[in-house]
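Each chain gets a letter, A, B and so on, in the order the sequences are listed, and its residues count up from 1.
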2 protein chains.
Amino acid sequence: MTETTAAPSQRADMVRNRRLLLDAATAAFAECGVDVSMGEIAQRAGLAKGTVFRHFASKEDLLAAIMLQLLDRLTGTADRLVDADDAAAALHEFMTVGVEVLAADRAFCEVIGRPSLQLSQVRSAIERLGETAETLTARAREQGAIRGDVTGMDIVLLLGGIHQTAVPLLAAQPQAWRRYLELTFDGLRATNAPRLPHPPGRRLPAADSD
Amino acid sequence: MTETTAAPSQRADMVRNRRLLLDAATAAFAECGVDVSMGEIAQRAGLAKGTVFRHFASKEDLLAAIMLQLLDRLTGTADRLVDADDAAAALHEFMTVGVEVLAADRAFCEVIGRPSLQLSQVRSAIERLGETAETLTARAREQGAIRGDVTGMDIVLLLGGIHQTAVPLLAAQPQAWRRYLELTFDGLRATNAPRLPHPPGRRLPAADSD
DNA sequence: GCGAAAGATGACCGCCCGGTCATGTTGACC
DNA sequence: GGTCAACATGACCGGGCGGTCATCTTTCGC
């Protein structure tokens with residue numbers, strides 16, 4: 001929030017450079033993953049490395065900003081879908097968009113898929129996304145379209161899993177995730193299956209060490 | 001193959017050191033992922049770094065050896081299950097073991113989950129695993145226990161997806177993958193669901209560039 | 001036991017990374 | 001258009017990485 005045009009009285013070129021930087025970083029992280037170097041990002045933006053560190057104190061800060069922007073977009077999508085008549089179709093649409101976003105962004109996958117999430121802002125943004133997805137899921141449950149023991153956080157976590165399933169095929173069949181999305185959705189529809197084992201997660205664990 | 005006791009006429013300490021190295025590398029990759037340094041592995045094995053490079057010409061070679069050993073274990077598990085009476089139970093058992101192995105090995109997850117697999121031996125070992133899983137899957141299909149449009153490679157790929165789904169919870173709930181294994185299996189059981197979109201993969205794409 | 005060959009060692013190399021800082025440049029305001 | 005603070009720059013730093021190699025140590029056939 002309060003990102004697009006930050007604090008007042010900023011020089012025009014700084015605002016412009018910030019845009020260049022954010023765009024370049026978004027593309028670089030998406031294509032190359034979190035291990036892309038700050039030098040590469042600077043080069044893509046047409047800036048010097050030092051300038052990048054003037055806008056973001058560390059690589060982690062920059063990565064967090066980009067990830068938050070992505071997560072906010074996803075949360076917005078979910079928000080826009082909560083009023084749909086067919087809740088199951090809305091849920092399906094949300095999952096489609098979610099996996100599409102993941103499939104197009106390597107860094108996003110890597111950050112989401114870390115065993116322990118260092119970036120606390122990202123962690124809570126995911127939890128917020130889980131809550132928004134919960135309202136979507138609850139409506140689909142009430143309409144009897146999906147099983148009763150699936151939560152919003154389940155849905156969010158499943159996005160990463162569905163995409164991951166198709167990752168080994170990504171280069172040859174970029175749309176393969178659709179196959180596994182449908183397979184998973186059929187699992188969600190199993191309304192009279194035995195109750196799922198293991199309680200669902202709500203909050204994500206913080207980073208411990210490593 | 002022909003790994004345990006390589007070529008004849010090797011010095012006794014070399015054989016011993018090779019064991020120490022393989023054990024240390026297996027543990028280090030499992031705990032720390034592929035980014036663990038060769039120095040760290042050498043230290044864990046109680047060897048000098050140079051010795052590690054005498055046994056394996058590059059880090060990639062060492063990683064490939066460890067991954068192949070893991071994949072062979074999994075293929076062995078699948079092989080042992082093909083004769084079970086209840087094919088669906090056998091398939092379920094195979095998937096349980098597979099996800100357990102993934103959950104216990106960070107490097108394995110990372111290698112399997114790369115968009116493009118550099119290590120060609122690992123790639124073909126996965127394809128072999130897919131073929132073995134196919135015999136398991138075919139029997140479950142014939143028994144009418146699972147839907148008709150799921151292949152062995154689907155099963156193998158799903159292992160990575162199921163584990164990935166639970167990764168964000170791993171630190172707090174190490175068994176969370178069981179929840180998503182059951183959910184996925186319910187999807188596999190949806191015998192009268194509409195046919196899955198997008199054709200299944202059989203072979204994995206080679207690395208292109210990146 | 002002894003000699004020679006195979007193996008083990010760790011200092012060393014070049015590379016690239018995230019991050020810093022003295023210096024040069026630019027834009028906003030009067 | 002002059003002034004100055006804010007901003008941009010890229011050479012530079014310390015550190016860790018994969019990998020090498022001259023040197024020392026161990027094993028094994030005799």
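Residue A:Arg11 has its side chain nearest to C:dT26 when only C:dT26, D:dT26, D:dG19 are considered. With D:dT26, C:dT26, D:dC12 as the candidates, the nucleotide lying closest to the side chain of B:Asp13 is D:dT26. Which of D:dA5, C:dG19, C:dA8 sits closest to the side chain of A:Phe53 comes down to C:dG19. Closest to the B:Ala12 side chain, of the nucleotides D:dC28, C:dA28, C:dC12, is D:dC28. Here the side chain of A:Ser58 is nearest to one of D:dC28, C:dT9, C:dG19, namely C:dG19.
For the pair B:Phe56 CZ and C:dA8 P, the interatomic distance rounds to 12 Å; values are reported in whole Å. Taking atom CG of B:Leu21 as the reference point, atom C1' of C:dG7 lies 14 Å away to the nearest angstrom. The separation between B:Lys49 atom NZ and D:dG16 atom P is 12 Å, rounded to whole Å. Summarising the geometry, the separation between CG on A:Leu20 and P on D:dC7 is reported as 16 Å, rounded to the nearest angstrom. Taking atom CD of residue B:Gln10 and atom P of nucleotide D:dG29, one finds them 13 Å apart after rounding to whole Å.
The side chain of A:Asn17 places no N or O atom within less than 4.0 Å of a non-bridging phosphate oxygen (OP1 or OP2) of D:dC7. Residue B:Lys59 has a polar side-chain atom (N or O) positioned under 4.0 Å from OP1 or OP2 of D:dG18. In terms of phosphate contacts, A:His55 brings a side-chain nitrogen or oxygen within less than 4.0 Å of OP1 or OP2 of D:dA8.
Summary of the strand contacts: B:Glu60 and B:Arg16 both lie near DNA chain D, and taking for each the nucleotide with the nearest heavy atom, the more 5' one is attributed to B:Glu60.
Look at B:Lys49 and B:Glu40 and you find no salt bridge, because none of the NZ, NE, NH1 or NH2 atoms lies under 4.0 Å from a carboxylate O. Ion pairing between a basic and an acidic side chain is recognised when a charged N comes within 4.0 Å of a carboxylate O; A:Arg44 and A:Glu31 show such pairing. The pair B:Glu134-B:Arg141 meets the salt-bridge criterion, with a side-chain N (NZ, NE, NH1 or NH2) lying under 4.0 Å from an Asp/Glu carboxylate O. Salt bridge status for A:Glu100 with A:Arg178: present, with a side-chain N to carboxylate O gap under 4.0 Å. A salt bridge is defined here as a Lys NZ or Arg NE, NH1 or NH2 lying under 4.0 Å from an Asp or Glu carboxylate O, and B:Arg189 with A:Asp186 fails to meet this definition. Salt-bridge annotation for A:Asp13 and A:Arg16: absent, with no side-chain N of the basic residue lying under 4.0 Å from a carboxylate O of the acidic one.
Pairing each heavy atom of A:Val36 with each of A:Lys59, the nearest pair is O-NZ, 2.8 Å.
Scanning residues 36-46 of chain A for heavy-atom distances under 4.0 Å to DNA chain C yields A:Val36, A:Ser37, A:Met38.
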Show each protein N/O and nucleotides 21-24 of chain C N/O combination with a separation under 3.5 Å, one pair to a line.
none

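Looking only at atom types and distance, the side chain of A:Thr26 has a donor-acceptor partner in the side chain of A:Gln69 under 3.5 Å away.
A distance-only check finds a donor-acceptor pair linking the side chain of B:Glu127 to the backbone of B:Leu204 [under 3.5 Å].
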